[in-house]
Every structure is written in C-alpha cells, then in structure tokens.
Amino acid sequence: MNHTQAWCWHAPGEPTQLTLVDLPLTPLAPDEVLVANRVIAFNPVDWKLIEYGHSNWQDGQVPGVDGMGTIVALGANVSHLRLGARVAYHTDLRHHGSFARHTRVPARALLPVP
C-alpha cells in the first residue's frame, strides 16, 4: 500500500470546504504504526481548527485528533504491538490526523480496544 485517501484542509473555513484527495503514504518512523481507521471523531477542537487554522498547518493538512482502527504496519522499533490489533488514539495537531483512511501514529499514543 503506497497511498491513502484523506479529507484535506486548505484554508480557514467550514468543514464542508475539506476536499477528499489521494495522499502518498511515506515510510513509517521507527516508533510509529499505521492505523487503518474504522471510526473517527469530529470534536470541537477539530471544528475550531478547521475554522481558524493552526500555526503549523499548510494547504493539504489532514485534520482530526481522535480515531480508532486496526494496525496495518509497524515501525522497525515497535515490538510490543501486533498487526491487526484494534486500537484507539489521540494525535498531535501538528501532524496529519484521523480524517483519513490511514493515520500514522506514535506507538506510545495507542490504547487497546477490546
């Protein structure tokens, strides 16, 4: 898998202004996992950041701070998790978020989902 689809932010505005685009999936950092999202949340913080932006955001940013899904890839240093595990996460607003089919997440930021 070398790409995913994501809802991208382009400028401050309304959520209806997000566009669905294909994005390349770059190699994981050693401490990251790739989560195939099954559920995402649309929180007040997401709404506010879409409306006002974030100092680190540029055209093409993927919003969304919370998600849940299954692990589909592991970084080289991740040995305490397994492929297929169900996890929930809260992302760092400075990076691409959960409004995508796949999200890169630091392994330390995952919670197991029974």
Side-chain angles (χ1 to χ4, degrees):
M1 171 179 9
N2 56 8
H3 76 280
T4 192
Q5 288 185 313
W7 289 98
C8 290
W9 176 92
H10 302 285
E14 295 295 321
T16 56
Q17 294 171 294
L18 299 176
T19 59
L20 185 61
V21 301
D22 283 328
L23 290 179
L25 286 173
T26 57
L28 294 173
D31 64 338
E32 289 181 325
V33 302
L34 185 66
V35 176
N37 292 314
R38 299 293 179 251
V39 178
I40 62 169
F42 194 166
N43 296 310
V45 69
D46 299 317
W47 191 283
K48 290 173 187 173
L49 286 170
I50 290 168
E51 185 174 4
Y52 300 110
H54 185 283
S55 61
N56 290 337
W57 283 15
Q58 296 183 16
D59 186 14
Q61 175 71 31
V62 178
V65 294
D66 294 318
M68 180 270 166
T70 56
I71 297 174
V72 294
L74 302 170
N77 293 341
V78 179
S79 60
H80 65 289
L81 299 168
R82 63 178 173 76
L83 294 176
R86 291 167 32 113
V87 293
Y89 62 86
H90 181 82
T91 61
D92 183 330
L93 297 171
R94 296 172 294 174
H95 305 287
H96 285 320
S98 62
F99 289 13
R101 293 195 187 275
H102 300 87
T103 303
R104 294 167 58 143
V105 182
R108 64 175 165 63
L110 300 174
L111 298 169
V113 174

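Quick note: numbers below take in every heavy atom, side chains included, and nothing from hydrogens, waters or symmetry partners.
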query = If you group Ile, Leu, Val, Met, Phe, Trp and Tyr by side-chain heavy-atom gaps below 4.5 Å, do Val45 and Tyr52 land in one group?
reply = no
task = Please name all residues satisfying side chain to side chain contact (heavy atoms under 4.5 Å, CB included) with Asp92, sequence neighbours left out, ordered by chain then number.
result = Arg94, His95
task = To the nearest 0.5 Å, tell me how far Trp9 CH2 sits from Leu18 CG.
result = 10.0 Å
ask   = Does His54 reach the main-chain N or O of Leu49 with its side chain, forming a donor-acceptor pair under 3.5 Å?
value = no
ask   = Between Cys8 and Val21, what is the shortest heavy-atom contact and its length?
value = SG-CG2, 3.2 Å
message = Check for me, please, whether Trp7 and Leu25 land in the same ILVMFWY cluster - side-chain distances under 4.5 Å, paths through other members count.
response = no
note = Scanning both residues in full, the closest heavy-atom pair of Ala41 with Asp46 reads O-OD2, 3.4 Å
key: Partner residues of His90 under the side chain to side chain contact (heavy atoms under 4.5 Å, CB included) criterion, sequence neighbours left out   = Val65, Asp66
query = So which residues get pulled into Met68's cluster when ILVMFWY side chains under 4.5 Å apart are joined, directly or through others?
reply = Val39, Val113
task = Check the hydrophobic clustering (I, L, V, M, F, W, Y; side-chain heavy atoms under 4.5 Å; chains of links allowed) and say if Val62 and Trp57 are grouped together.
result = yes
Would you tabulate the side-chain donor-acceptor contacts of residues 99-108 under 3.5 Å, counting partners in other chains and residues two or more places apart, or write 'none'?
{"from": "Arg101", "atom 1": "NE", "to": "Gln5", "atom 2": "OE1", "distance (Å)": "2.8"}
{"from": "Arg101", "atom 1": "NH2", "to": "Gln5", "atom 2": "OE1", "distance (Å)": "3.1"}
{"from": "His102", "atom 1": "ND1", "to": "Thr4", "atom 2": "OG1", "distance (Å)": "2.7"}
{"from": "Thr103", "atom 1": "OG1", "to": "Asn37", "atom 2": "ND2", "distance (Å)": "2.9"}
{"from": "Thr103", "atom 1": "OG1", "to": "Tyr89", "atom 2": "OH", "distance (Å)": "3.2"}
{"from": "Thr103", "atom 1": "OG1", "to": "Gly97", "atom 2": "O", "distance (Å)": "3.1"}
{"from": "Arg104", "atom 1": "NE", "to": "Glu32", "atom 2": "OE1", "distance (Å)": "3.0"}
{"from": "Arg104", "atom 1": "NH1", "to": "Thr26", "atom 2": "O", "distance (Å)": "3.3"}
{"from": "Arg104", "atom 1": "NH1", "to": "Thr26", "atom 2": "OG1", "distance (Å)": "2.4"}
{"from": "Arg104", "atom 1": "NH1", "to": "Pro27", "atom 2": "O", "distance (Å)": "3.0"}
{"from": "Arg104", "atom 1": "NH2", "to": "Pro27", "atom 2": "O", "distance (Å)": "3.3"}
{"from": "Arg104", "atom 1": "NH2", "to": "Glu32", "atom 2": "OE1", "distance (Å)": "2.5"}

key: Leu83 side, atom CG; Leu74 side, atom CG - distance, nearest 0.5 Å   = 4.5 Å
inquiry  = For Asp59, give me all partners under side-chain hydrogen bond (donor to acceptor under 3.5 Å, both in side chains), at least two apart in sequence or on another chain.
reply    = His10
message = Starting from Ile40, can I reach Leu20 by hopping between I/L/V/M/F/W/Y residues whose side chains sit under 4.5 Å apart?
response = yes
request  = Could you tell me which residues satisfy side chain to side chain contact (heavy atoms under 4.5 Å, CB included) with Pro15, sequence neighbours excluded, listed by chain and number?
outcome  = Phe42, Trp47, Ile50
remark   = When Thr70, Val72, Ile71 are each screened for side-chain contact (heavy atoms from CB on, under 4.5 Å) with Leu34, the one that passes is Val72
N/O donor-acceptor pair under 3.5 Å between Gln61 side chain and Gln58 backbone = no
